[in-house]
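A quick write-up on the structure given underneath.
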Amino acid sequence: MKQIVFATNNKHKLEEVRAIVGKYFDVLSLSDIGCKEDIPETGCTFEENAVMKAQYVKDKYGYDCFADDSGLEVTALNNEPGVFSARYAGEPSDSLRNIEKLMFNMQGVKERSARFRTCIALLYGHKEYLFEGCIEGNIIDTLRGTNGFGYDPLFVPVGYDITFAEMSSEEKNKISHRALATQKLIDFLTDKIDCEA
Ligand code: IMP
């Protein structure tokens, strides 16, 4: 079976992708290929960071590879925290401090729109492909819900009256930015295999 690397060690993300493309690809994680180093993520956009991670693996380990980068963009904050979502309140990354900083910056702000975005970069053969997922929503001013992670307790998707953190993971995974981008990648990879067969 053809091997492909998903440049992550996040078990949840790996399971999600393996469950679908596992039939066609042997999906390896960073630890599976012995990559222990911190891959630089110094880009100014999600796209740049995703490509940077995938390129690092391709160059150093030679595998076809895909990598993702995600975050929250808040309109009234000039699309911050954006690529700094994980470390909005500084290093080391701390979800609660990030949430507190966002609530503080949004105090008294009327324009509450925001979106979560994911970009996946795939380096396959000699070509680069990008897949995007985006979900629009609004930032509320008090925390609601305990599921999920990151900014989920503050984000209500358009068309819903509950936050991501009040949804079950099944519900969130049907509509999330990550799910949308991942589905595009999966459709592409499965088509590719059908064409190559
Ligand atoms: P990553 O690139 O998927 O690791 O995401 C970077 C950061 O964006 C995370 O550490 C979170 O702060 C934020 N983020 C990304 N996706 C989500 C989500 O689905 N819910 C809440 N926060 C998220």
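Counting begins at 1 with the first residue of the sequence. Note that ligands are numbered from 1 as they come in the structure, with each ligand's atoms numbered from 1 the same way.
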Whether the Asn105 and Tyr88 side chains hold a donor-acceptor pair (N or O, under 3.5 Å, no angle test) is what I'd like checked.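 Short answer, yes.
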Go through the steps for Ser176 and Asn173 under the test side chain to side chain donor-acceptor pair (under 3.5 Å), then give the verdict. CA-CA 5 Å; Ser176 82; Asn173 287 340; 4.6 Å; no
Numbered atoms and elements of ligand 1 in range of Gly71, under 4.0 angstrom, heavy atoms: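 This gives 8 (O) as the contact atoms.
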Atoms of ligand 1, numbered as shown, that sit under 4.0 Å from any heavy atom of Lys172: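 Answer, ordered by atom number: 18 (C), 19 (O), 20 (N).
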Which is closest to atom 6 (C) of ligand 1 in terms of heavy atoms, Ser95, Ser70, Ser85, Ala67?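 Of the listed residues, Ser70 has the closest heavy atom.
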With a 4.0 Å cut-off on heavy atoms, does [X] reach ligand 1?
| X | answer |
| --- | --- |
| Asp69 | yes |
| Ser176 | no |
| Asp152 | yes |

Can any side-chain N or O of [X] pair as donor or acceptor with the backbone N or O of [Y] at less than 3.5 Å?
| X | Y | value |
| --- | --- | --- |
| Lys172 | Gly148 | no |
| Lys58 | Gly125 | yes |
| Asn98 | Ala86 | yes |
| Arg144 | Glu166 | no |

Residue-level breakdown please: for Phe149 versus ligand 1, do any non-hydrogen atoms fall below 4.0 Å on the side chain, on the backbone, on both, or on neither?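 Both backbone and side chain.
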Residue-level breakdown please: for Lys13 versus ligand 1, do any non-hydrogen atoms fall below 4.0 Å on the side chain, on the backbone, on both, or on neither?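 Only the side chain of Lys13 comes within reach of ligand 1.
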Roughly how far, to the nearest 0.5 Å, is the CZ atom of Phe131 from the OG1 atom of Thr182?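 Result: 10.5 Å between the selected atoms.
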For [atom], what is the nearest protein heavy atom, given as residue, atom name and distance?
| atom | result |
| --- | --- |
| atom 23 (C) of ligand 1 | Phe116 CE2, 3.5 Å |
| atom 10 (O) of ligand 1 | Ala86 CB, 3.5 Å |
| atom 12 (O) of ligand 1 | Tyr151 CE1, 3.2 Å |
| atom 15 (C) of ligand 1 | Arg178 NH2, 3.5 Å |

Please determine whether a side-chain nitrogen of the Lys or Arg among Glu132 and Arg117 lies less than 4.0 Å from a carboxylate oxygen of the Asp or Glu.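 Yes, this pair counts.
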Per the side-chain contact (heavy atoms from CB on, under 4.5 Å) rule, which among Leu77, Thr163, Leu72, Thr75 passes with Ile139?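 Per the side-chain contact (heavy atoms from CB on, under 4.5 Å) rule, the option paired with Ile139 is Leu72, out of Leu77, Thr163, Leu72, Thr75.
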Any N or O on His177 sitting closer than 3.5 Å to an N or O of ligand 1?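 In this structure, His177 places an N or O atom under 3.5 Å from an N or O of ligand 1.
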